[in-house]
Amino acid sequence: MRKSDDECIFGQEGSMPVSRIDASIKSDRNKNRVVVLTSVCLLVAALGSYLIWLFLIKGYTFTVTPERAAQSPQFQVHSGSGFFIENKLYVLGLPASVTVSAPKFAAKTVNIDDDSPSTINVELSPLPATVTLSTNTNNNDIQWFVNQKPHATAKQLTLTVPAGTYTVTARHPAYESASVDIKADIAETIEKTLSLTPVSGSVDINSQPSGASVQIDGETVGKTPLTLPQSGGSHKITVSLSGYEPITDEIMITADANAVSRDYRLIPEQAILNVQTSPSQGLLTIDGNPVSGREVSVEANTEHTVSYSAPGFAAQKQSVNLPPGQTSSLRFNLSPVNGEVVIKANLPAEVFIDGKKAGSTPLTTQLQTLTHTIEIRKPGYRTVSKSVTPSANKLTSVNAELLTEFDARRREGQPLFAQTIGIEFETLKPDTFVMGSAPNEAGRQRNEHQYPVTFTRAFWLSKHEITEAQYARFKGSNDSSKKPVSDVSWLDAARFTNWLSEQEGLAPFYIIEKGGLRGIDPASTGYRLPTEAEWEYAAKKHRRAATTKYVWGSQDRLRDKQGNFADASLKGKQTFTLKDYNDGFEGKAPVGSFDPERGGLFDLDGNVREWVHDFYTLSPPDNGAAKEDYLGSAPSSSHVVKGGSFKTGRLKRLRASMRTGESDAQDDIGFRIARYLN
C-alpha cells in the first residue's frame with residue numbers, strides 16, 4: 001500500500017521530516033564556507049598589500065625652501081610609479097623624476113635613484129621682476145643709469161632684475177635728469193614713465209655784416225644781432241643776407257652748456273670756376289692757396305690769380321673776375337720742359353731710358369725734367385741703373401762703370417756662387433814650364449811628349465774635385481755626398497762649368513750647341529776645365545823648388561795614407577794593387593780625406609782621375625817652340641785624362657806626366673775646375 005506524500009515528508013505524525021532538516025544543515029554549511037573563504041581572501045590581500053608597502057614601496061620626504069616657496073609647494077611625478085601625500089612621495093620602482101614648483105618661483109626637476117636620501121631638500125629660485133621704463137620724450141638716445149652705473153642708451157629701458165630696490169636715472173643733454181626708486185618684488189611687472197624737463201638756455205647770434213635774417217629750425221626769429229631764449233637740444237640755424245652766401249649751422253644746448261654764442265662772417269655771393277688741366281696731375285692754386293678739386297667756389301666781383309704747375313712742365317698763371325652766381329671754365333695746357341743729359345760708360349754699351357732703347361754710349365739726349373730710370377747694359381756685365389732728374393738750367397751727366405757679375409760681387413764683398421756651394425780655389429801664376437817626361441824617366445810612355453809651355457794669364461784651380469752634391473745642384477736635385485762625382489762625360493763636365501759661369505754672370509767658356517761642343521771663347525773668364533799644361537804645372541811645379549815626378553815628390557815610394565789608390569782592399573778584385581798599402585777606402589773617398597800636396601790642392605794624385613780641357617792625341621806638338629797659354633791639340637774623338645784613382649794599382653801610373661785618352665764616362669773619372677783671372 002503506497003504512502004501519502006505527507007508521510008514521505010514528515011515521517012511519523014507530529015515530527016519534522018528528515019529530508020528538510022538535512023537540506024537546512026547543508027545550506028548553513030555552505031554559507032559558513034563562503035564567509036570563511038572571503039575572510040581568508042581579504043586577509044591575504046591585506047597581508048600582500050602590507051608586504052608590498054613594507055618591502056617594495058619607498059617613501060621620500062620633500063622639504064622646500066625658501067620659506068615663501070614652502071608655503072604652497074606643488075609636486076608632480078613625471079616618470080616612475082609614485083604618488084604624493086602632502087609632501088611625501090611614495091614610489092614603486094626607481095628611478096623616478098619629480099618637478100617641484102611654487103607660485104612666483106622657477107620650477108625645479110629632481111631625479112631620484114637608489115642613492116637619493118629619504119629626505120630631499122629642494123631650494124627654488126625666485127622669478128625675476130620685469131621693469132619697463134620710458135620717458136615723456138621721443139628721443140632714442142636717452143642714457144639710462146641703474147644704481148648710478150651706465151646701463152643702456154635707448155628710447156625705452158627694460159630690466160629683468162632680482163627682487164630688490166633700484167634707483168634708475170634717465171639723462172639727455174637737452175633735458176634735466178630724472179630719477180625713480182623702484183622696489184621690485186619677485187615675478188612682479190612694473191611699468192613707469194619718467195618726466196624729463198627740457199633745459200632752458202639762450203642763443204646769441206651775431207654776423208658781419210649785421211642785419212642778416214636768422215632762422216632756427218626753419219622758423220624766422222629775427223635779424224642779427226640777436227639774443228633769445230632757447231630750449232635744450234639740437235637746433236638748425238640758417239643766417240642769410242642778400243648778396244652773401246647763406247650759412248647753415250647746428251647748435252646744441254645742454255644742461256652743461258645752456259648758453260650758446262655764434263659770430264658768423266658772411267662771405268659775398270660766390271661764383272663757380274671749372275678748371276681743366278693737362279697734364280691731369282699737378283698743383284692748382286687760387287690766390288696762392290692750394291685747392292684739391294677742379295670745380296672751385298670763388299668770391300664774386302673779386303680778381304683772383306689761378307696758377308697751375310706740374311713736375312717737368314712750365315707753370316702757367318691766369319686771372320679771373322666773375323660776377324655772383326656765374327659758372328666759368330678755365331683751361332691750362334702745360335708745355336714740357338727738357339734738360340740735356342750726357343750718358344757715358346767705361347765700355348761701349350746700350351742705353352735704355354725708362355725701359356726703351358735710346359742708343360749707345362756715349363750718348364747725349366734731351367729728356368723732360370722728370371725722374372727717369374737710365375740703364376746701361378752690356379752682355380756679360382752687370383747692368384748699371386741710375387735714377388736721373390734732368391735740369392733745364394744745367395747739363396746732367398751720367399757716368400757708369402760696367403763690371404762683370406764676378407767683379408761686381410768681389411767689389412761688394414759677396415761670396416761667389418761657386419763658393420756658396422762649397423767650391424774653394426787656389427790661385428796659380430805659372431811661369432815657363434816643360435810638360436811631359438824625360439826619355440829616361442822610369443815608367444815613361446811614348447805619348448808623354450816633352451815641350452815647353454809659357455803662361456801669360458793667372459788662373460784659379462779648384463782645391464778639390466767637384467763633389468756629387470755640387471754636381472747635383474747643377475742637375476737640379478739634392479745630394480749631400482762629399483765624394484767626387486764620377487761617371488760623367490767630358491761634355492757634361494763642360495756643361496757644369498758653363499752653368500757656374502751663368503750663375504755669376506760670366507760669359508761661358510764653352511760654346512755648346514745642339515748637344516755638342518761647337519767651340520770655345522778663349523777671352524772668356526768663365527769657368528772651364530783646366531788645361532793639361534795647367535794640371536801638370538799644379539802637380540809638378542806649383543810652389544816647388546824644382547819639377548817633381550809625382551805629386552808628392554820624386555821618390556818612388558808612397559807615404560802612409562798618401563792618397564786613395566788601389567790598396568789591399570781590392571786584392572783579388574782587379575789585376576794590380578799596391579802591395580802593403582792600405583788607405584782605408586775601397587772605393588771613392590770624400591774629398592779632403594787626405595792631406596793636400598804642397599801647393600794646397602787635394603787628391604791630384606788619387607781618388608778619381610780627372611778630365612782636363614785638351615783633346616787627346618798621340619802626335620807631338622808641331623815644333624819645339626814654347627806654347628803660350630796652350631789649349632791642346634786639334635779636336636779629336638777623345639779628351640785627356642790626368643792623375644790616378646782608387647783603381648790605380650801601379651806606381652808608374654801615378655806619375656804626374658801620365659796621360660790617357662778617354663771618350664766615355666767611367667766610374668773612376670771626375671773633374672776639377674779652373675778659370676782665368678783676367
Side-chain angles (χ1 to χ4, degrees), residues 379-380 404-406 409 414-426 459-521 524-531 535 564 585-593 601-604 606-615 637-643 645-647 662-676:
T404 64
E405 184 67 23
F406 175 84
R409 284 173 178 259
Q414 296 184 39
L416 303 177
F417 178 79
Q419 293 172 325
T420 65
I421 62 174
I423 302 177
E424 300 178 68
F425 296 96
E426 174 73 14
F459 67 94
W460 273 356
L461 186 63
S462 60
K463 292 184 177 182
H464 301 92
E465 294 160 335
I466 298 303
T467 67
E468 293 174 343
Q470 292 160 353
Y471 190 78
R473 287 288 296 273
F474 159 59
K475 302 299 286 185
S477 58
N478 292 322
D479 197 324
S480 59
S481 170
K482 292 186 177 181
K483 292 181 179 180
V485 67
S486 59
D487 264 329
V488 295
S489 67
W490 183 94
L491 189 62
D492 280 340
R495 287 191 178 103
F496 176 85
T497 65
N498 276 4
W499 171 74
L500 270 185
S501 298
E502 291 168 2
Q503 306 311 305
E504 297 184 6
L506 298 171
F509 187 83
Y510 296 105
I511 302 171
I512 300 174
E513 297 174 352
K514 297 180 180 180
L517 180 68
R518 295 293 177 264
I520 63 171
D521 179 6
S524 167
T525 56
Y527 292 98
R528 56 182 174 81
L529 297 172
T531 66
W535 194 98
N564 187 15
F585 297 94
E586 182 176 342
K588 295 187 295 186
V591 299
S593 297
L601 302 168
F602 296 80
D603 297 323
L604 270 178
N607 213 3
V608 293
R609 295 183 291 158
E610 300 175 13
W611 290 115
V612 294
H613 168 79
D614 307 42
F615 286 101
S637 60
S638 58
H639 286 85
V640 177
V641 174
K642 298 290 287 183
S645 77
F646 67 91
K647 287 186 173 183
E662 306 289 353
S663 302
D664 301 316
Q666 296 183 31
D667 65 353
D668 72 332
I669 297 180
F671 65 98
R672 70 180 69 229
I673 63 174
R675 69 175 295 270
Y676 290 123

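Quantities reported herein were computed from a predicted structural model and do not represent experimental measurements.
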Salt-bridged, D668 to K647, with N to O below 4.0 Å?
no
Over all atoms of both residues, closest heavy-atom pair of D603 and G592:
OD2-N, 3.6 Å
What orientation do W499 and F474 show, parallel under 30°, tilted 30 to 60°, or perpendicular over 60°?
tilted
CG-CG distance between L416 and L500, expressed to the nearest 0.5 angstrom
10.0 Å
When you measure from the side chain of N498 to the backbone N and O of P508, does any donor-acceptor pair fall under 3.5 Å?
no
D614 vs H639 side-chain heavy atoms within contact, under 4.5 Å
no
Look only at the side chain of S663 and the backbone of S637, and say whether a donor-acceptor pair between them is shorter than 3.5 Å.
yes
Of all heavy-atom pairs linking E465 and V591, the shortest is O-CG1, 3.6 Å
Distance-only, no hydrogens or angles: does the S501 side chain make a donor-acceptor pair with backbone N or O of Y527 under 3.5 Å?
yes
Where do L529 and A493 come nearest, in terms of heavy atoms and distance?
CD2-CB, 4.1 Å
Classify the ring geometry between H613 and W490 as parallel (under 30°), tilted (30 to 60°) or perpendicular (over 60°).
tilted
When you compare the side chain of S638 with that of E662, does any pair of heavy atoms fall below 4.5 Å?
no
Among all residues two or more places apart in sequence or in another chain, which pass the side-chain hydrogen bond (donor to acceptor under 3.5 Å, both in side chains) test with W535?
E610
Taking the side chain as everything from C-beta on, heavy atoms only, tell me whether T531 gets closer than 4.5 Å to V612.
no
What are the two closest heavy atoms between D667 and K588, and how far apart are they?
O-CD, 4.5 Å
In Å, rounded to the nearest 0.5 Å, how long is the span from CG of L506 to CZ of R409?
9.5 Å
Hey, is the main chain of G587 close enough, under 3.5 Å, to the side chain of N564 for a donor-acceptor pair?
yes
For I511 and I520, run side chain to side chain contact (heavy atoms under 4.5 Å, CB included): C-alpha distance rounded to whole Å, both residues' side-chain angles, the deciding distance at 0.1 Å, then the answer.
CA-CA 5 Å; I511 302 171; I520 63 171; 5.8 Å; no
Nearest 0.5 angstrom please: N607 CG to S593 OG, how far?
7.0 Å
F671 and F496 aromatic centres sub-6.0 Å
yes
Any non-hydrogen side-chain atom of I673 less than 4.5 Å from a side-chain atom of I466?
yes
With heavy-atom distances below 4.5 Å as the criterion, would you say the side chains of E586 and F646 are in contact?
no
Side-chain heavy atoms of R609 within contact of K642, under 4.5 Å:
no
Stepwise side chain to side chain contact (heavy atoms under 4.5 Å, CB included) check, L461 with R672
CA-CA 8 Å; L461 186 63; R672 70 180 69 229; 3.9 Å; yes
Salt bridge or not between K482 and E468? Use side-chain N to carboxylate O under 4.0 Å.
no
Where do I669 and S486 land on the side chain to side chain contact (heavy atoms under 4.5 Å, CB included) test, with the steps shown first?
CA-CA 5 Å; I669 297 180; S486 59; 5.9 Å; no
Would you verify whether the NZ or CZ of R473 falls within 45 degrees of the ring axis of F417 while also being under 6.0 Å from that six-membered ring's centre?
no
Between F585 and P590 the two heavy atoms that sit nearest each other are CE2-CD, 3.8 Å
For the pair S481 (side chain) and A469 (backbone), establish whether a donor and an acceptor sit closer than 3.5 Å, ignoring hydrogens and angles.
no
Say whether T467 and K483, considering side chains only, have a donor N or O and an acceptor N or O under 3.5 Å apart.
no
Shortest non-hydrogen contact between S489 and A665, atoms and distance
N-CB, 3.7 Å
Partners of Q414 by side-chain hydrogen bond (donor to acceptor under 3.5 Å, both in side chains), sequence neighbours excluded?
E412
Run E426 and F602 through side chain to side chain contact (heavy atoms under 4.5 Å, CB included) and show every step you take.
CA-CA 11 Å; E426 174 73 14; F602 296 80; over 6 Å; no
When rounded to the nearest 0.5 angstrom, what is the spacing between CG in D492 and CH2 in W611?
10.5 Å
Whether E504 side chain and A418 backbone form a donor-acceptor pair below 3.5 Å:
yes
With the side chain counted from C-beta on, respond yes when R528 and Y510 share a heavy-atom pair under 4.5 Å apart, and no when they do not.
yes
Side-chain contact test, heavy atoms from C-beta onward, threshold under 4.5 Å: evaluate it for I423 versus Q470 and give yes or no.
yes
